[in-house]
Amino acid sequence: QPTECFLSQPGEKQESTVKAKRRKKKKISDMLEKSAPKPGVPADLQNLLSQHFGENRSVIEIEELKLSDSCFLPANDLTHSLSSYLKEICPKWAKLRKNHKEKKSVVMLVICSSALRSLELIKSMTAFKGDCRVLKLFAKHIKIKEQVNMLEKGVFHIGVGTPGRVKALVEQDGLCLNSTKYMILDWNWRDQKLRRMMDIPEV
């Protein structure tokens, strides 16, 4: 019996090859997925600072930005929970907390990449913080004026927040860092796109 023969349109072929090419394109999240988490070391932060400021600062200014190794505490070796890590690096927390009476400041500042992550970290430090006061320092659902007022009126021991909001509070003189003894960077946590905080250009 006679059979019908259909010729495929040239346009269709092109479309399918374009689709195939698109699928093969590597995403940054694919590359990041393969990179294993490793504890941050002082050199990681130093390199980031010199990369970021290198273009618009003189050699002398960049030298001044360098932090000595004595500024750094041991990094979490990824076996600790947040509470157990904080207990290890800050064994005299109870005394520090008791002596802290200054307003507009915190003893410990924890910086992470998102509001949701901030809430997660606040929950996970319950065993460490005891009855000390923790302040959320992120932009989601909280106006900057509210945070400035809270800092002015009360004494807070720990601040957990995002780089953008912490920067804004410091610039507006809402947060003073003179009595801050510890700054913890949430180095290895990845967002939905598998980016660490330091992989985000805005940060």
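For the single chain, residues carry numbers from 1 onward in sequence order.
The hydrophobic cluster around Val155 extends to none of the other residues, as no ILVMFWY side-chain heavy atom falls under 4.5 Å of it. Hydrophobic clustering, defined by side-chain heavy atoms of Ile, Leu, Val, Met, Phe, Trp and Tyr closer than 4.5 Å, leaves Ile60 isolated from every other such residue.
Look at Arg196 and Asp186 and you find no salt bridge, because none of the NZ, NE, NH1 or NH2 atoms lies under 4.0 Å from a carboxylate O. With salt bridges taken as basic N to acidic carboxylate O contacts below 4.0 Å, none links Glu120 and Lys123. Salt-bridge formation is not detected for the pair Lys143/Glu146: no Lys NZ or Arg NE/NH1/NH2 atom is positioned less than 4.0 Å from an Asp or Glu carboxylate oxygen.
Applying the side chain to side chain contact (heavy atoms under 4.5 Å, CB included) criterion to Ser68, with sequence neighbours excluded, gives Ser70, Cys71. For the salt bridge (charged side-chain N to carboxylate O under 4.0 Å, His left out) test, no residue two or more places apart in sequence or in another chain qualifies with Asp44. Applying the side chain to side chain contact (heavy atoms under 4.5 Å, CB included) test to Met197 and every residue at least two apart in sequence or in another chain returns Ile111, Ser113, Pro163, Leu185, Val203. Here Lys38 pairs with nothing under the side chain to side chain contact (heavy atoms under 4.5 Å, CB included) rule; sequence neighbours left out. Remark: Glu55 engages no residue in a side chain to side chain contact (heavy atoms under 4.5 Å, CB included) (not counting sequence neighbours).
Looking at Pro39 and Asn76, their side chains never come closer than 4.5 Å, going by heavy atoms from C-beta outward. Using a 4.5 Å heavy-atom cutoff, the side chains of Ile144 and Gln172 are in contact. Two residues are said to be in side-chain contact when any heavy atoms from C-beta on lie closer than 4.5 Å; Val160 and Leu135 fail this criterion. Using a 4.5 Å heavy-atom cutoff, the side chains of Leu86 and Ile89 are in contact. Looking at Leu109 and Ile184, their side chains never come closer than 4.5 Å, going by heavy atoms from C-beta outward. Side-chain contact check for Met198 versus Leu48: some heavy-atom pair is nearer than 4.5 Å. Within the 4.5 Å cutoff, side-chain heavy atoms of Leu177 are placed close to those of Leu175.
Here the SG atom belonging to Cys112 is positioned 12.0 Å from the CG atom belonging to Asp191, to the nearest 0.5 angstrom. Expressed to the nearest 0.5 Å, how far CG of Asn47 lies from CD of Gln51 amounts to 6.5 Å.
The shortest heavy-atom contact between Ser105 and Ser179 is OG-OG, 2.9 Å. Scanning all heavy atoms of the two residues, the minimum distance from Thr162 to Ala115 falls at CG2-N, 3.9 Å. The two residues Leu96 and Cys90 come nearest to each other via the heavy atoms CD1-SG, 3.9 Å. For the residue pair Gly40 and Asn188, the shortest heavy atom distance occurs at N-ND2, 4.5 Å. Residues Lys129 and Ile158 come closest through the heavy atom pair CB-CD1, 4.0 Å. For the pair Gly154 and Arg133, the tightest heavy-atom approach, listed with the atom from each and the gap, is CA-NH1, 4.0 Å.
Applying the ring pair (Phe, Tyr, Trp, His ring centres under 6.0 Å) definition to pairs two or more places apart or across chains, none involves residues 70-89. Listed by first and then second residue, the salt bridge (charged side-chain N to carboxylate O under 4.0 Å, His left out) pairs that reach into residues 171-182 are Lys104-Asp173, Lys167-Glu171, sequence neighbours excluded. The stretch residues 91-121 participates, sequence neighbours left out, in these ring pair (Phe, Tyr, Trp, His ring centres under 6.0 Å) pairs: Trp93-Phe128, His100-His157. Residue pairs satisfying the ring pair (Phe, Tyr, Trp, His ring centres under 6.0 Å) criterion with at least one member in residues 39-61, sequence neighbours excluded, are absent. Applying the ring pair (Phe, Tyr, Trp, His ring centres under 6.0 Å) rule to pairs touching residues 167-194 yields nothing, sequence neighbours excluded.
Using a distance-only test at 3.5 Å, with no hydrogens or angles considered, no donor-acceptor pair links the side chain of Glu152 to the main chain of Gly174. Judged by distance alone, with hydrogens and angles left aside, the side-chain atoms of Lys193 form no donor-acceptor pair with the main-chain N or O of Arg190 at under 3.5 Å. Between the side chain of Gln147 and the main chain of Lys136, a donor-acceptor pair closer than 3.5 Å is present. Side-chain atoms of Ser83 come within 3.5 Å of backbone N or O of Ser124 as a donor-acceptor pair.
Hydrophobic clustering of Ile, Leu, Val, Met, Phe, Trp and Tyr side chains at less than 4.5 Å, counting indirect connections, keeps Leu78 apart from Met125. Hydrophobic cluster membership is shared by Val110 and Val107, with clusters built from Ile, Leu, Val, Met, Phe, Trp and Tyr side chains linked at under 4.5 angstrom. Linking Ile, Leu, Val, Met, Phe, Trp and Tyr whenever their side-chain heavy atoms come within less than 4.5 Å leaves Leu73 and Leu67 in two separate clusters. The cluster map of Ile, Leu, Val, Met, Phe, Trp and Tyr, joined by side-chain heavy atoms under 4.5 Å apart, puts Leu119 and Val134 in different clusters. When hydrophobic clusters are built by joining Ile, Leu, Val, Met, Phe, Trp and Tyr residues whose side-chain heavy atoms come closer than 4.5 Å, directly or via intermediates, Leu169 is grouped together with Phe156.
Counting non-hydrogen atoms of neighbouring residues, nucleotides and ligands closer than 6.0 angstrom, the CE atom of Met183 reaches no more than 12 such neighbours.
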With salt bridge (charged side-chain N to carboxylate O under 4.0 Å, His left out) as the criterion, how do Asp131 and Arg97 come out once you've worked through the C-alpha distance, each side chain's angles and the decisive distance to 0.1 Å? CA-CA 10 Å; Asp131 59 352; Arg97 189 186 77 198; 3.1 Å; yes

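A cation-pi arrangement is not found for Arg165 relative to Phe138, the charged atom failing to lie both closer than 6.0 Å to the ring centre and inside a 45° cone about the ring normal.
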